[in-house]
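Comments concern the structure below.
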Amino acid sequence: DAKTTQPTSMDCAEGRAANLPCNHSTISGNEYVYWYRQIHSQGPQYIIHGLKNNETNEMASLIITEDRKSSTLILPHATLRDTAVYYCIVRVDPGGGADGLTFGKGTHLIIQP
Amino acid sequence: DAGVIQSPRHEVTEMGQEVTLRCKPISGHNSLFWYRQTMMRGLELLIYFNNNVPIDDSGMPEDRFSAKMPNASFSTLKIQPSEPRDSAVYFCASSLRVGSYGYTFGSGTRLTVV
């Protein structure tokens, strides 16, 4: 699986959009970009994933650059409850089965009141 | 949907004792994962099962650790004998099909070995 690079920590004001970057310059054509987050004392939570098109769901938007070497997770209106560690993971979708996710250190996002 | 259920939530045990952690995956999910989280090492994949069969246990730290999945609705992670360095939060996760769906994690078991 390709390696990812994320900032260690970020601050964002409550109500503003939080933009979390992730670099994955060695990504392969069949690798997806996944985002998870972990709120303190809870298990990781799936947010969103994508291959090459931008994706949006009820939690966030995922913007992947055209060359797929980087991506940005966008929380459109951050709240205090969005304070968490956010993990960007790149991996192949094997399809039909499953393979363990490898978590890096992630970005600690702190939402300021 | 009750999500992935882990028990106990907290476990304190003495060094040398056997510890058994339990996990009930989401009904219908065919993959199950055990992770361990510590401040020093972050989230580590210990072992995972597909259709109740262990696929990769290369993350299991040593022979003191063992995991079983006797049926689609139950899995255990056992540590025997336990040591203080095993103190961590242990998470179980399940998935229906990777790539199309994300993993769902349980709330974890916080293990303290004294």
Side-chain angles (χ1 to χ4, degrees), chain A residues 1-6 8-9 27-53 55-62 64 73 84-108, chain B residues 3-6 9-10 21 23 25-26 28-60 67 69 72 75 88-110:
Chain A
D1 295 336
K3 180 179 171 59
T4 62
T5 303
Q6 299 178 254
T8 302
S9 65
I27 192 170
S28 301
N30 60 347
E31 289 184 309
Y32 286 71
V33 180
Y34 287 79
W35 283 85
Y36 282 74
R37 74 178 182 183
Q38 187 173 23
I39 297 170
H40 183 62
S41 297
Q42 297 183 21
Q45 177 189 25
Y46 165 80
I47 301 174
I48 198 168
H49 75 279
L51 182 61
K52 55 184 178 181
N53 297 321
E55 302 287 344
T56 296
N57 62 22
E58 66 278 6
M59 291 184 66
S61 294
L62 173 60
I64 303 174
L73 179 74
V85 178
Y86 287 77
Y87 299 97
C88 171
I89 301 167
V90 171
R91 62 189 304 273
V92 173
D93 167 23
D99 195 1
L101 289 170
T102 300
F103 288 83
K105 296 188 182 301
T107 296
H108 188 193
Chain B
V4 176
I5 300 173
Q6 292 188 246
R9 287 299 309 273
H10 303 274
L21 311 181
C23 175
I26 290 175
H29 280 190
N30 61 356
S31 297
L32 184 138
F33 310 83
W34 282 101
Y35 282 83
R36 177 173 70 174
Q37 186 171 35
T38 61
M39 288 293 292
M40 290 293 292
R41 302 174 68 89
L43 274 161
E44 302 174 279
L45 176 64
L46 300 178
I47 184 171
Y48 70 92
F49 297 82
N50 282 351
N51 297 314
N52 312 336
V53 176
I55 302 301
D56 184 355
D57 65 353
S58 60
M60 297 285 262
M69 192 165 185
S75 177
V89 180
Y90 291 80
F91 290 105
C92 175
S94 70
S95 171
L96 177 59
R97 178 178 177 275
V98 74
S100 297
Y101 303 91
Y103 294 8
T104 302
F105 282 78
S107 299
T109 295
R110 180 173 296 277

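Per chain, numbering begins at 1; letters A, B, ... match sequence-line order.
Of the possible donor and acceptor atoms, one in the side chain of B:Y35 sits under 3.5 Å from a partner among the backbone N and O of A:L101.
Each of A:G104, A:G43, A:P44 has some count of heavy-atom pairs under 4.5 Å with chain B, and the biggest count is that of A:P44. The candidate with the highest count of non-hydrogen atom pairs below 4.5 Å against chain A, out of B:E44, B:Q37, B:Q6, B:R110, is B:Q37.
Only the side chain of B:L45 comes within less than 4.5 Å of a heavy atom of chain A; its backbone N, CA, C and O stay farther away.
Taken to the nearest 0.5 Å, the OH atom of B:Y103 stands 7.5 Å off from the OH atom of A:Y34.
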